[in-house]
Asker: 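Okay, here's the structure, questions in a sec.
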Amino acid sequence: REKQTNLQALFTASAADVERTTERLDEWAVAELQKKQQDDTSPSLHRLHAAYGLTYLGRPQGPQLLRCLADVPPEEMANLQSAFKSCSHEDSVISELVLVAGESGDNALKAASVLVALGKVDLLQKLKVNDGDPSRRTYFVHNYYKWHGNADLLRDGLPAAKDDDLRAALCLALGFVDHQRVPDDLMKEMKSLYVQSPAGTVHSAARSTLMRWGEELPPLTDEVASSEGRDWYVNSLGLVMAAVPMDADGKSQFIWTDKPENDGQPHTVTLTRRFFISTTELTVSQMLSVPSRQPAFGIVDPTQANLPAPEVGFYEAIEFCNWLSQQEQRSLCYEKVGQTWSCDFDRDGYRLPTEAEWKYACRSGARTKYCFGDDASLLPMYAWTIENAGGRRHAVASLFPNAWGLFDMHGNMLEWCWDPYDRLPARDVTDPIGGRLSELGRATCGGYWGIDGRFAITDDRGPRAASQPDAYIGLRIVRTMSSRR
């Protein structure tokens, strides 16, 4: 009778009590547990607890655990992860988990959560934006927290990720986990990734998550700023510059569709210059480093220092780029002859992005309306627009970055590009830099705090008068990549 009572207690136990009740079982229970697990008429939780009991007694049943996946509620994920640990050597079980994780919906998240707990993050290749569709990655980032299970297991899952894209996605997903449940070791690992990760995508993801957790960012020392072996660096203003991913041959292509009033047709654009881009817009405090801007800003409230710098005119932007290049003893990209400015893109100084470079960086591999997919309801998580900004600009990097670690690309401030605004050529192009000097002005990209989110899509573009600064136009800079940081 006592054994039957113990068995029944396991089946009806709360998620928190499953482990304790299994400790009362012995070999007598194996046959009963197997019978319960194979009985499809039994409640799904009873079958899950039976599988857990068999695991405890050294009889792991991987295929049966897979059958339980669909019915597992969030509070049982820790038990499911624990049970699967005993099956981690079974290739067929792992392969099935990978297949399920590559699908969509909550079952995919549950399978992914188990793989993370098993330290097999790098098997989640379907979460990468390889096919131009970021929707699986986005769904994982925004919903993984519901199914993360045992938070202590995350300490092993994050360091086990060797693929930078997947590690960045996991870092962002962990930002939704309750700060109070984050183990100290995991917090330490996240801060270490922010400072030491060689991948700019991971650095930005760690930054985003630490800010969501309300943690103060560790300082980026001079040693970090100048260290080699990474694809990002910190410049003299404290601005993080990240290398934009390109193909192995140094070239990359993307599809750019012009606005309907121009031609509305897709064009294949090829880029051949590797370049760094600032992960954030230039802030007020960084612009204060420029002597000519100090009177314009005056004494800045410390709470305003991390806001994007407003009212940056086009010519002021290129003069700033030259000033910063001089400060770092780099060759100047811009030269003025008479009243005309020209740009040498092969020099290693700072400059504005071309419109094509900006579009490519914003997309971060996606072919969708936004860098995260086509679901406009998620835009407030990535951009400050009229829907969420409250009629003002906000601190840079306070929302999610795109898949390449760039913040605020869809909204906070409009951003200058070098190109004169013009319709796209009616053909495929390589390294386009705009057409004739347009009476409409220079091209700007991105959304801003006062725009409708429907117009903050990647392909949206518009002209602004080069001589007229606006409160909603800011600045993001790039550098053509050379051997010197």
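Note that the numbering runs from 1 along the sequence shown for the chain.
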Asker: Counting distance only, does the side-chain N/O of Asn402 pair as donor-acceptor with the main-chain N or O of Gly405 below 3.5 Å?
Answerer: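 Judged by distance alone, yes, a pair lies under 3.5 Å.
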Asker: I'd like to know if the side chain of Asp133 and the backbone of Ser135 have a donor-acceptor N/O pair within less than 3.5 Å.
Answerer: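 Side chain of Asp133 to backbone of Ser135, a donor-acceptor pair under 3.5 Å: yes, one is there.
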Asker: Between Glu328 and Ser236, does any side-chain donor sit less than 3.5 Å from a side-chain acceptor?
Answerer: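 Result is yes, a qualifying pair exists.
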Asker: Please report the closest heavy-atom contact between His410 and Cys362, naming both atoms and the distance.
Answerer: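 Closest approach of His410 to Cys362, heavy atoms only: CE1-SG, 3.7 Å.
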Asker: Do any N or O atoms from the side chain of Ser278 and from the backbone of Arg476 form a donor-acceptor pair under 3.5 angstrom?
Answerer: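 Not confirmed, Ser278 side chain does not pair with Arg476 backbone.
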Asker: Is it the case that over 12 heavy atoms from other parts of the model lie below 6.0 angstrom from the CZ atom of Arg367?
Answerer: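 Atom CZ in Arg367 is not crowded, with 12 or fewer foreign heavy atoms closer than 6.0 Å.
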Asker: How about Lys146 and Leu109: do any of their side-chain heavy atoms sit closer than 4.5 Å?
Answerer: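 Side-chain contact under 4.5 Å: no.
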Asker: Within the distance-only criterion (no hydrogens, no angle test), does the side chain of Asn388 pair as donor or acceptor with the backbone N or O of Ala383 below 3.5 angstrom?
Answerer: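 Pair found, side chain donor or acceptor close to backbone of Ala383.
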Asker: So, Asp231 side chain and Gly200 main chain: donor-acceptor pair closer than 3.5 Å or not?
Answerer: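 Indeed, once roles are kept as given, a pair shorter than 3.5 Å links the two residues.
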Asker: Please determine if Asp452 and Arg454 form a salt bridge, counting it only when a charged side-chain N lies under 4.0 Å from a carboxylate O.
Answerer: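 Looking at Asp452 and Arg454, the cut-off is met.
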Asker: Do NZ/NE/NH1/NH2 and the carboxylate oxygens of Lys128 and Asp163 come within less than 4.0 Å?
Answerer: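 Here Lys128 pairs with Asp163 in a salt bridge, since their nearest N and O are under 4.0 Å apart.
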Asker: How long is the straight-line distance from OH of Tyr350 back to CD of Gln326, given to the nearest 0.5 Å?
Answerer: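 Those atoms lie 13.5 Å apart.
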Asker: Answer whether the closest heavy-atom distance between the side chains of Val98 and Leu115 falls below 4.5 Å.
Answerer: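 Touching, per the 4.5 Å side-chain cut-off.
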Asker: So His394 and Trp384, would you call those rings parallel, tilted or perpendicular, with 30° and 60° as cut-offs?
Answerer: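 Because their plane-to-plane angle is under 30°, the rings of His394 and Trp384 count as parallel.
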Asker: Taking the six-membered ring for Trp, are Phe314 and Tyr334 ring centroids under 6.0 Å apart?
Answerer: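 No, the ring centres sit 6.0 Å or more apart.
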Asker: Look up atom OG1 in Thr283 and atom CG in Leu237, then write down how far apart they are to the nearest 0.5 Å.
Answerer: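 Reported value, rounded in 0.5 Å steps: 8.5 Å.
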Asker: Decide yes or no on side chain to side chain contact (heavy atoms under 4.5 Å, CB included) for Arg136 and Leu124, but give the supporting numbers first.
Answerer: CA-CA 10 Å; Arg136 285 192 184 93; Leu124 298 172; over 6 Å; no
Asker: First locate atom CZ of Phe320, then atom OG of Ser325, and finally report the distance between them rounded to the nearest 0.5 Å.
Answerer: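 Result: 9.0 Å between the selected atoms.
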Asker: Given 3.5 Å as the limit, does a donor-acceptor pair link the side chain of Arg167 with the main chain of Asp122, or not?
Answerer: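 No, because the side chain of Arg167 does not come within donor-acceptor range (under 3.5 Å) of the backbone of Asp122.
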Asker: I'd like to know if the side chain of Arg207 reaches the main chain of Tyr194, judged simply by a donor and an acceptor atom lying under 3.5 Å from each other, with no hydrogens or angles considered.
Answerer: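 The answer is no, because no donor-acceptor pair under 3.5 Å joins these two groups.
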Asker: Would you kindly say whether Asp408 and Tyr448 are connected by a side-chain donor-acceptor distance under 3.5 Å?
Answerer: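 Judged by distance alone, the side chains do not pair up.
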Asker: So, Trp416 side chain and Val312 main chain: donor-acceptor pair closer than 3.5 Å or not?
Answerer: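 Yes, the answer is positive, given that a donor and an acceptor are paired below the 3.5 Å cut-off.
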Asker: Using every non-hydrogen atom in the two residues, find where Leu379 and Ala456 come nearest and quote the distance to one decimal.
Answerer: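 Looking at all heavy atoms of both residues, the shortest contact is CD2-CB, 4.4 Å.
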Asker: How many angstroms lie between CH2 in Trp147 and CG in Leu80, if you round to the nearest 0.5 Å?
Answerer: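 With rounding to 0.5 Å, CH2 (Trp147) is 10.5 Å from CG (Leu80).
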Asker: Is the closest side-chain donor-acceptor distance between Thr201 and Asp164 under 3.5 Å?
Answerer: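 On atom types as modelled, these side chains do not qualify, holding no pair under 3.5 Å.
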Asker: Of Arg274, Glu357, Arg351, which is the lone residue that meets side chain to side chain donor-acceptor pair (under 3.5 Å) with Thr480?
Answerer: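 The residue from Arg274, Glu357, Arg351 that satisfies side chain to side chain donor-acceptor pair (under 3.5 Å) with Thr480 turns out to be Arg351.
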Asker: Does some side-chain heavy atom of Val240 sit less than 4.5 Å from a side-chain heavy atom of Thr280?
Answerer: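 Result no, sub-4.5 Å side-chain heavy-atom pair not found.
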Asker: Measuring from atom SG of Cys333 to atom CG of Asp348, what distance do you get when rounded to the nearest 0.5 angstrom?
Answerer: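 Those atoms lie 7.5 Å apart.
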Asker: Would you please classify the geometry between the Tyr144 ring and the Phe140 ring as parallel, tilted or perpendicular, with 30° and 60° separating the classes?
Answerer: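 Because their plane-to-plane angle lies in the 30° to 60° range, the rings of Phe140 and Tyr144 count as tilted.
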Asker: Please determine whether side chain to side chain contact (heavy atoms under 4.5 Å, CB included) holds for the pair Ser204 and Leu406, giving the CA-CA distance in whole Å, both sets of side-chain angles, and the decisive distance to 0.1 Å.
Answerer: CA-CA 7 Å; Ser204 288; Leu406 309 181; over 6 Å; no
Asker: With a 6.0 Å cut-off on ring centres, are Phe400 and His142 close enough?
Answerer: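 Yes, the ring of Phe400 comes within the 6.0 Å limit of the ring of His142, centre to centre.
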Asker: Answer yes or no: is there a side-chain heavy-atom contact under 4.5 Å between Thr368 and Pro134?
Answerer: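 With C-beta onward as the side chain, the pair touches.
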Asker: How close do Ser252 and Pro245 get, counting heavy atoms only, and between which atoms?
Answerer: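 Scanning both residues, the minimum pair turns out to be OG-O, 4.3 Å.
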Asker: Any non-hydrogen side-chain atom of Ile433 less than 4.5 Å from a side-chain atom of Phe345?
Answerer: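 Heavy-atom side-chain distance check passes, below 4.5 Å.
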Asker: Would you check if the side chain of Asn306 reaches a backbone N or O of Ala395 as a donor-acceptor pair within less than 3.5 Å?
Answerer: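 No; zero donor-acceptor contacts below 3.5 Å.
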Asker: Starting at CH2 of Trp358, measure out to CZ of Arg363 and round the result to the nearest 0.5 Å.
Answerer: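 Taking CH2 in Trp358 and CZ in Arg363, the distance rounds to 10.0 Å.
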Asker: Keeping Ser289 on the side-chain end and Gln286 on the backbone end, is there a donor-acceptor pair under 3.5 Å?
Answerer: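 Looks like yes, one N/O pair under 3.5 Å.
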Asker: So Leu158 and Leu174, side chain to side chain contact (heavy atoms under 4.5 Å, CB included) or not? Walk me through it.
Answerer: CA-CA 10 Å; Leu158 187 58; Leu174 294 179; 4.2 Å; yes
Asker: Shortest non-hydrogen contact from Met413 to Glu281?
Answerer: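 Closest approach of Met413 to Glu281: O-OE2, 3.1 Å.
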Asker: A side-chain contact here means heavy atoms from C-beta on lying under 4.5 Å apart; do Arg442 and Pro420 qualify?
Answerer: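 They are in side-chain contact.
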Asker: Less than 4.0 angstrom from a charged side-chain N to a carboxylate O is my criterion; do Lys369 and Asp460 meet it?
Answerer: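 Answer for the salt bridge query: no.
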Asker: Taking the side chain as C-beta and beyond, is there a heavy-atom pair between Val116 and His148 under 4.5 Å?
Answerer: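 Contact flag for Val116/His148 side chains = no.
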Asker: Check whether more than 12 heavy atoms from other residues, nucleotides or ligands sit under 6.0 Å from atom NZ of Lys336, and answer yes or no.
Answerer: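 Buried by this count: over 12 neighbours within 6.0 Å.
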Asker: Evaluate the side chain to side chain contact (heavy atoms under 4.5 Å, CB included) criterion for residues Met187 and His179: first the C-alpha distance (whole Å), next the side-chain angles of each, then the deciding distance (0.1 Å), finally the verdict.
Answerer: CA-CA 9 Å; Met187 183 70 73; His179 181 227; 3.4 Å; yes
Asker: Side-chain contact, heavy-atom cut-off 4.5 Å: Leu399 with Phe407?
Answerer: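 Contact flag for Leu399/Phe407 side chains = no.
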Asker: What are the two closest heavy atoms between Val177 and Val182, and how far apart are they?
Answerer: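 The pair with the smallest heavy-atom distance is CG1-CG2, 4.3 Å.
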Asker: What is the ring orientation for Tyr382 with Phe372, classed by angle as parallel under 30°, tilted 30 to 60°, or perpendicular over 60°?
Answerer: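 It falls in the parallel class, under 30°.
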Asker: Write down the atom of Arg393, the atom of Val284, and the distance for their closest heavy-atom approach.
Answerer: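 Reported closest heavy-atom pair: NH1-CG2, 3.8 Å.
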